[in-house]
2 protein chains.
Amino acid sequence: MPLKLYDLAGAEDDRRFSPPCWQVKMALKHKGLAVETIPWRFTEKDAIAFSGQGRVPVLMDGDTTVTDSWEIVRYLETTYADRPSLFGGTMGESGALFIKFWCLQAINPLIFQIILPDLLQHLHEKDQAYFRESRERMLGMTLEDAAAPHDATITALRTALTPLRQVLARQLYLSGEQPSFADYVVLAQFQWARSVCPIQLLAQDDPVYQWRDRLLDAFDSYARGALGYPV
Amino acid sequence: MPLKLYDLAGAEDDRRFSPPCWQVKMALKHKGLAVETIPWRFTEKDAIAFSGQGRVPVLMDGDTTVTDSWEIVRYLETTYADRPSLFGGTMGESGALFIKFWCLQAINPLIFQIILPDLLQHLHEKDQAYFRESRERMLGMTLEDAAAPHDATITALRTALTPLRQVLARQLYLSGEQPSFADYVVLAQFQWARSVCPIQLLAQDDPVYQWRDRLLDAFDSYARGALGYPV
């Protein structure tokens, strides 16, 4: 029986843009585990009430339900320990955790500012009011005020990616010569953007672009094949 | 025969403030390797000309000379593979490399701005002109212009430490339940400050302060015992 994953969707069932869900989906591919993804919208709280909370990703593995992207990935690493490792041990797991928090601080807010108008266009109609209300409360400003002029923010984003770029000057992936969870954490940010926004965030001669390209090719172009924009 | 390390010193032989040298010294302690440190000043290029370059740390292990802090630490990990690991494998090494570049981008420039006036006071007299000339060229401004008002920069530093603080909400060290090289990379930034500057960078109720305190206690209070300020 394949695993099941509740996965945030936009207007169309197959427009999947949630970064934490992308982290889990890439981790499942890395482990070679088949998954059935179930499109879910922000306002469908009832559909996942069985999980005891109201956010996705929610993973169901037989009788086991796991919530929170980090806990899901740790669950996969432990439960499927005989398959390729996502962390390569405690220190690798700690490094991936740091990179996850770095993304949230340094990368996520900049991409959010850039893609916000496009993201709004691609939300399901029934999520529009919820998204606006919850995000405006979180941000303490209107979504129109939160959206930044693109050029300056793209420049800031490229500068913010400096530590990743410096690692990639020495090795093919953030995790070494093979990709692993630390790579998927950052890729998930770009999948979020690509799924809703036609703006090119990275210059083609940027090693980060080339790294992302390799990850888009991975697992039979799994991430590249997602509904979105070829940027 | 103990290893030898050329280690940057200030006015006094035992005022050692170089972050890359601190990274190597903590790595040597972690490996349980004895080292004789040799005080060196920026302008003593002749003393390390044998290494083929002009910067410290320079490690001598018998007939082997290794330069560049990252290469030295990799050398120690490989050469002394039977001793406690600094990285815990390829993914851990990659995580530590990322954290090293993150420090250079996000932490180092802020600490530099805060401690600069004090750092100048503690340089050896013969290094004063070299330091000023080389740093002003690097920065494109006078050292007086580079020094920032403290309060705002300390606030910015504490904000910049967010990803570390978030990891420490889940575990005792950046590397897991035991410290390792990723921890020493960040500790080295604080050792740089502590060795020359009496300003308190961290609030005592900050988990980062408590983490640093545990590292200052490690290896019989090796880092705590260094000449500097008890902040």
Side-chain angles (χ1 to χ4, degrees), chain A residues 27 30 68-71 73-74 77 84-110 156-186 207-208 211, chain B residues 27 30 68-71 73-74 77 84-110 156-186 207-208 211:
Chain A
H30 185 93
D68 180 277
S69 63
W70 181 251
E71 292 310 320
V73 171
R74 280 166 52 104
E77 181 73 345
S85 176
L86 290 158
F87 301 129
T90 301
M91 294 187 210
E93 178 177 331
S94 297
L97 183 61
F98 180 88
I99 287 166
K100 187 179 170 83
F101 288 131
W102 169 77
C103 267
L104 285 177
Q105 184 192 43
I107 307 302
N108 187 291
L110 296 173
L157 173 64
R158 292 177 183 181
T159 300
L161 290 163
T162 301
L164 170 59
R165 193 174 294 114
Q166 288 173 307
V167 171
L168 296 174
R170 292 172 178 249
Q171 55 195 43
L172 280 174
Y173 294 98
L174 192 40
S175 305
E177 293 309 311
Q178 297 295 329
S180 196
F181 190 65
D183 293 276
Y184 310 145
V185 166
V186 190
V208 178
W211 159 86
Chain B
H30 185 92
D68 180 276
S69 63
W70 181 251
E71 292 309 320
V73 171
R74 281 166 52 105
E77 182 73 344
S85 176
L86 290 158
F87 301 128
T90 301
M91 294 188 211
E93 179 177 330
S94 296
L97 183 62
F98 180 88
I99 287 166
K100 188 179 167 83
F101 288 131
W102 169 76
C103 267
L104 285 177
Q105 183 192 42
I107 306 301
N108 187 291
L110 295 173
L157 173 65
R158 292 176 184 182
T159 300
L161 290 163
T162 301
L164 170 59
R165 193 174 295 115
Q166 288 173 308
V167 171
L168 296 174
R170 292 173 178 250
Q171 54 194 44
L172 280 174
Y173 295 97
L174 192 41
S175 305
E177 293 308 311
Q178 297 294 330
S180 195
F181 190 65
D183 293 276
Y184 309 145
V185 166
V186 190
V208 178
W211 158 85

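Note that this is a predicted model, so its numbers are computed, not measured. Letters A, B, ... are given to chains in the order of the sequence lines, protein chains preceding strands, and every chain is numbered from 1.
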With a 4.5 angstrom heavy-atom cut-off, could you sort out which part of [X] is near chain A: side chain, backbone, both or neither?
X        : answer
B:Thr162 : both
B:Arg165 : neither
B:Phe87  : backbone
B:Ala160 : backbone
B:Leu86  : backbone

Are the side chains of [Y] and [X] in contact, using a 4.5 Å heavy-atom criterion?
X        : Y        : result
B:Gln166 : A:Trp102 : no
B:Leu97  : A:Gln171 : yes
A:Glu177 : B:Thr90  : no

Closest non-hydrogen atom pair, [X] against [Y]:
X        : Y       : value
B:Leu164 : A:Phe98 : N-CE1, 3.7 Å
B:Met91  : A:Gly88 : SD-N, 3.5 Å
A:Gly176 : B:Ser94 : N-OG, 3.4 Å

Taking every non-hydrogen pair under 4.5 Å, which of B:Ser180, B:Pro163, B:Ala96 racks up the most with chain A?
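The residue among B:Ser180, B:Pro163, B:Ala96 with the greatest pair count is B:Pro163.
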
Heavy-atom pairs under 4.5 Å with chain B: which of A:Gly89, A:Ser175, A:Ala182, A:Gly95 has the most?
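Answer, by heavy-atom pair count under 4.5 Å with chain B: A:Ser175.
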
Without swapping roles, check the side chain of A:Gln105 against the backbone of B:Thr159 for a donor-acceptor pair under 3.5 Å.
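Yes; judged by distance alone, with no hydrogens or angles, the pair exists.
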
